[in-house]
Amino acid sequence: MDRERQRPVSGRSGVVVIGSGFGGFFAARRLRRLRVDVTVLAATDSFLYTPLLPDVAVGTVDPRSVLIPLASTLRGVTIVRGQADRVDLNSQTVHYTDARGQQAELGYRRLLLAPGSVTKLLPIPGLSDHAIGLKTATEALYLREKVLAQLEAATTITDAARRREALTFVVVGAGHAGVELTAQMARLAHNLVPLYPGVTRDDVRWLLVDVADEVMPELGGSLGRSALRLLRRRGVDVRLGVSVERVRDHEVALTDGTRVRCGTLVWCAGVVGNPLIEALGLPTSKGRLVVDKVLRVPQHHDVYAIGDAAAVPDLTKPQDEHGQRPLCPPTAQHAMRQATAVARNIVADLDGRPLRPYRHHDLGLVVDLGGPDAAATPVGFRLRGRLAKAVTLGYHLYALPTGKRRIRVAVDWAIAGKRPDDVSLRSLPQSAALIVNAEDGGPAIS
Ligand SMILES: Cc1cc2nc3c(=O)[nH]c(=O)nc-3n(C[C@H](O)[C@H](O)[C@H](O)COP(=O)(O)OP(=O)(O)OC[C@H]3O[C@@H](n4cnc5c(N)ncnc54)[C@H](O)[C@@H]3O)c2cc1C
């Protein structure tokens, strides 16, 4: 009976999805429910719930809790482990490298591109040799291990300047990820210091750098300012209107002439579309594939794109004087809604019915600042403190895609307390966490 309901309706076959993140995962799940025969080409065997990566980095959430296995959650979907190398749009073929390193191909009738974005690396000397990102579980875990390892190492460093250097962490990018990470990490380090003899709170320094003149402008004036005050209260040295000029081993030179001796550089300064998109040779905007309002590529009606990889016009915003609308921001919130919309449109397309435009009013954002602190703007309300925290945690529990993961994350939070009880396994070399190695699709230079 169940199998009968799952069987594809005649003609609803040959759909290939590239990527198993917010866009690809939810689109594949919806397509399957709509009785479409769908294949997902996935670089990893799981869907990563990225909004909790800062929690993984501080150790309040176990990495496995935010990795949702595809095999058990996308039942009925064919999952092919591999990395898409290129798409031949004329022969409707995806060329990929499979998990064993072999070249292979997948034919499609309809293609959904959802390979997400990569960290935007700027052409700054030394940056790619030293910067760690925060886009994968490996990077978050490495950061966690690095903080613990540096604290431990500092106990045997007698020279005060060298100890301070080892315990200086520079985060570049005061957007959502950078602010959450720095606020939570600064609190964690403060709470951990008493466990490390010889290390004082003054030895630990967090520096948050951004070229913009405010933190998290998307939070809006007063909430952004209150996040800034909180960061400073936690001892974070926030440098606004400043960027990075050069990176060397243990030294970051800022554009204001300051040289910071540091042990760790974290780069959270934005994203650009996955390199797979540029390789298509189709029109892009900031590395994102230009699609129309039904999420389809105008030049190829058998190809759709969503999420961070797609430049989707935001139909809830007015047109400018050239008739252009702003793009939907690269957020999980949009990727998930676009997934539902595109699944519906692909089915309509296969059935020969009209497609519907994608329109989603932003529901606001949630920012976990660690401990009892958060900021949230649910449906236009502006919240901070414990109420914002409750909304933030509640939102993540709601958005996680399975009951098991909700329970795991809730338990992780409950037992973490002020000082998550964790050890550094030193299992990851820095090279594994460098942005150029850790992210699918490699680096993007713009
Ligand atoms: C630290 C952090 C915190 C965030 N917090 C929030 C938040 O609170 N709220 C919010 O709305 N958004 C948040 N975001 C943004 C959100 O994660 C992205 O907007 C969202 O993941 C985009 O979904 P996507 O499907 O386009 O890409 P992704 O979720 O990145 O998925 C892309 C998938 O494609 C796979 N892939 C890539 N290249 C290939 C290839 N060549 N072949 C096969 N597979 C490939 C990847 O492995 C990945 O599984 C956060 C991001 C980060 C990094």
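In each ligand, atom 1 is the first atom listed, and ligand 1 is the first ligand listed.
- Backbone and side-chain nitrogen or oxygen atoms of Leu53 are examined, and none is located within less than 3.5 angstrom of a nitrogen or oxygen of ligand 1.
- Lys135 and Glu139 get closest at one heavy-atom pair: N-OE1, 2.7 Å.
- Residue contacts with ligand 1: Ala42 is placed with no nitrogen or oxygen under 3.5 Å of a nitrogen or oxygen of the ligand (distance criterion only).
- Using a 4.0 Å cut-off between heavy atoms, Ala332 contacts ligand 1 through both its backbone and its side chain.
- Contacts classified as salt bridge (Lys or Arg N to Asp or Glu O under 4.0 Å) and involving residues 305-315 (residues at least two apart or in different chains) are given here: Asp314-Lys317.
- Not a single heavy atom of Gly133 sits under 4.0 Å from any atom of ligand 1.
- The aromatic ring centroids of Phe22 and His334 lie 6.0 Å or more from each other.
- Taking any N or O of Thr50, backbone or side chain, at least one lies under 3.5 Å from an N or O belonging to ligand 1.
- Residue Gly307 has at least one heavy-atom neighbour below 4.0 Å for each of these atoms of ligand 1: 26 (O).
- Within the 4.0 Å heavy-atom criterion, neither part of Glu180 lies near ligand 1.
- Partner of Arg12 under the salt bridge (charged side-chain N to carboxylate O under 4.0 Å, His left out) criterion, out of Asp351, Asp37, Asp349: Asp351 alone.
- Checking only distances, Ser117 never comes within under 3.5 Å of ligand 1, N or O to N or O.
- None of Arg234, Arg384, Arg187 except one satisfies the salt bridge (charged side-chain N to carboxylate O under 4.0 Å, His left out) rule with Asp373; the exception is Arg234.
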Enumerate donor-acceptor pairs with a distance under 3.5 Å from any side-chain N or O in residues 205-222 to protein atoms, sequence neighbours excluded.
unit_1: Arg205; atom_1: NH2; unit_2: Asp237; atom_2: OD2; d: 3.4
unit_1: Asp210; atom_1: OD1; unit_2: Ala212; atom_2: N; d: 2.7
unit_1: Asp210; atom_1: OD2; unit_2: Ala174; atom_2: N; d: 2.5

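- Counting atoms of ligand 1 from 1 in the listed order, those under 4.0 Å from a heavy atom of Gln333 are 11 (O).
- By the criterion of a heavy-atom distance under 4.0 Å, the side chain of Asn274, and not its backbone, is placed next to ligand 1.
- Here Pro330 has backbone heavy atoms under 4.0 Å from ligand 1, and that is the only part of it that gets that close.
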